[in-house]
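Notes follow once the structure below has been shown.
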Amino acid sequence: MSQSSQSSRRERHLRKAAFYAADSLGMAEKLNNTYADFTSRELPIQSAMCFFDCAQVLAEWASTLQERVGRYLGVLGKDEIDYAQVPAIMLLESEDVELLRKIAEILGGMETKILDEAKMMAFDIGGLDPNGAINAMNNTMTTLPGTSGCGHGSKTLMVTAYMLEKAAVWPVTHVMARALETQAAHMNQRAEASLAAQ
C-alpha cells in the first residue's frame with residue numbers, strides 16, 4: 001500500500017477521538033441541546049466548551065483525511081463522492097466512510113434547525129415588512145451563508161460558530177465563535193492545498 005492510501009497513526013488516533021466527538025454532537029443534536037434551538041440559548045458554559053472541542057476534533061480529523069486523499073477525491077463534503085467506487089474504496093477505510101456519513105448527518109440536522117429557525121423568525125418579522133422582502137429572501141435559503149463552498153472540516157467549524165454566536169448568557173461564546181471562523185478559513189486553505197498536493 002502506498003503512503004497516500006494508508007492512514008497514519010496520528011490519523012487513526014484522530015479518527016477514534018472524532019467518533020467520540022461525533023457521538024457527542026449527534027446526541028446533543030437529537031436531544032435539541034444545541035444553540036441552534038431557540039429554547040437552548042441558555043445552556044451552561046460546559047455545553048459551549050463541549051461543542052467547541054468536539055467541532056475542533058472533527059474538523060482536524062476531516063482535514064487530516066482531506067490532506068491524504070484530496071488530490072484523488074476532491075474536497076470531502078463539497079464534491080460529490082461515491083464511497084463505493086474507485087478511487088474512494090481504495091483510499092478510505094470503512095471507519096472513514098462511516099464517520100464521514102455521520103458528520104454529514106450531524107451537519108445536515110444542525111443546519112436544518114438553524115435554517116428553520118431563521119425562516120420562522122423571518123416569517124414573524126415579515127408581517128411587519130410591507131414589501132415581503134424578508135420572507136422572499138429566507139424562503140430561498142437552502143444553506144447557511146458562507147458554508148456552500150466548504151468541505152466537512154470547515155463546515156463543521158462554521159456551523160458550530162454560528163450556533164455559539166446565538167448563545168445568550170455567556171459572552172465568551174462569541175469569542176469562541178470568532179476563533180472557529182478563523183480556524184475554518186485555515187481549514188479551507190488546507191483543503192484547497194490538498195487538491196494540488198504531490
Side-chain angles (χ1 to χ4, degrees), residues 11 14-15 17-30 32-37 47-83 88 91-92 95-119 138 140-167 173-174 176-195 197:
E11 186 181 324
L14 270 171
R15 182 176 53 218
F19 266 111
Y20 287 115
D23 286 342
S24 179
L25 288 178
M27 187 63 68
E29 192 264 327
K30 286 179 183 162
N32 294 327
N33 285 337
T34 65
Y35 289 97
D37 300 301
S47 295
M49 291 170 57
C50 180
F51 270 97
F52 185 78
D53 289 340
C54 289
Q56 287 186 315
V57 169
L58 278 176
E60 184 58 34
W61 172 79
S63 292
T64 301
L65 181 65
Q66 175 67 50
E67 289 171 339
R68 180 170 60 88
V69 302
R71 66 180 156 173
Y72 306 109
L73 299 178
V75 178
L76 300 170
K78 175 183 166 188
D79 298 330
E80 193 66 35
I81 300 169
D82 184 356
Y83 297 124
L91 295 169
L92 299 173
E95 293 90 2
D96 294 331
V97 174
E98 181 183 349
L99 189 52
L100 286 169
R101 288 186 174 139
K102 189 178 279 196
I103 291 171
E105 179 183 324
I106 291 167
L107 289 175
M110 289 182 180
E111 197 170 14
T112 299
K113 286 180 183 185
I114 292 168
L115 291 172
D116 287 347
E117 183 187 341
K119 288 177 184 178
N138 279 297
T140 60
M141 271 178 60
T142 57
T143 184
L144 286 176
T147 61
S148 60
C150 297
H152 282 317
S154 55
K155 190 170 187 174
T156 300
L157 296 173
M158 291 297 291
V159 169
T160 306
Y162 188 86
M163 290 188 323
L164 290 176
E165 185 63 38
K166 298 293 182 186
T173 59
H174 303 291
M176 295 164 74
R178 295 295 79 72
L180 290 175
E181 289 170 355
T182 302
Q183 189 177 0
H186 179 67
M187 294 285 176
N188 269 336
Q189 292 172 350
R190 286 174 63 184
E192 293 302 320
S194 74
L195 300 177

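Values below: every heavy atom of this structure, side chains too, minus hydrogens, waters and symmetry copies.
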Verdict with supporting geometry, Leu76 and Gln66, side-chain contact (heavy atoms from CB on, under 4.5 Å): CA-CA 6 Å; Leu76 300 170; Gln66 175 67 50; 3.5 Å; yes
OG on Ser154 to NZ on Lys78, rounded to 0.5 Å: 9.0 Å
From CD (Glu80) to CG (Leu73), nearest 0.5 Å: 12.5 Å
Heavy-atom pair with the smallest gap, counting every atom of Ala21 and Leu58: CB-CG, 4.1 Å
Residue pair Leu164, His174: steps toward the side-chain contact (heavy atoms from CB on, under 4.5 Å) verdict: CA-CA 6 Å; Leu164 290 176; His174 303 291; over 6 Å; no
Note, Asp53 side chain near Val57 side chain (heavy atom, < 4.5 Å): no
Residue pair Thr160 / Phe52, side-chain heavy-atom distance below 4.5 Å: no
For Ser63 against Met187, the heavy-atom pair lying closest together: OG-SD, 2.5 Å
Non-neighbouring partners of Glu60 that pass side-chain hydrogen bond (donor to acceptor under 3.5 Å, both in side chains), sequence neighbours left out: Arg10, Thr64, Arg190
Distance in Å, Thr112 OG1 paired with Met110 CE, rounded so as to fall on 0.5 Å steps: 11.0 Å
Close side-chain approach of Leu65 to Glu11, heavy-atom, < 4.5 Å: yes
Under 3.5 Å, which donor-acceptor pairs link side chains of residues 98-109 to any protein atom two or more places apart or in another chain?
residue: Lys102; atom: NZ; partner: Asp23; partner atom: OD1; Å: 2.7

Leu180 to Gln56 - nearest heavy-atom pair and separation: CD2-CG, 3.9 Å
Non-hydrogen atoms of Val75 and Ala191 that approach each other most closely: CG1-CB, 4.3 Å
Atom pair CG (Leu25) and OG1 (Thr156), whose distance is rounded to the nearest 0.5 Å: 8.5 Å
Contacts of type salt bridge (charged side-chain N to carboxylate O under 4.0 Å, His left out), residue Arg178, not counting sequence neighbours: Glu165, Glu181
Value rounded to 0.5 Å, distance of CG in Asp96 from CZ in Arg15: 4.5 Å
Exercise: identify the closest heavy-atom pair between Ala28 and Phe51: CB-CZ, 3.9 Å
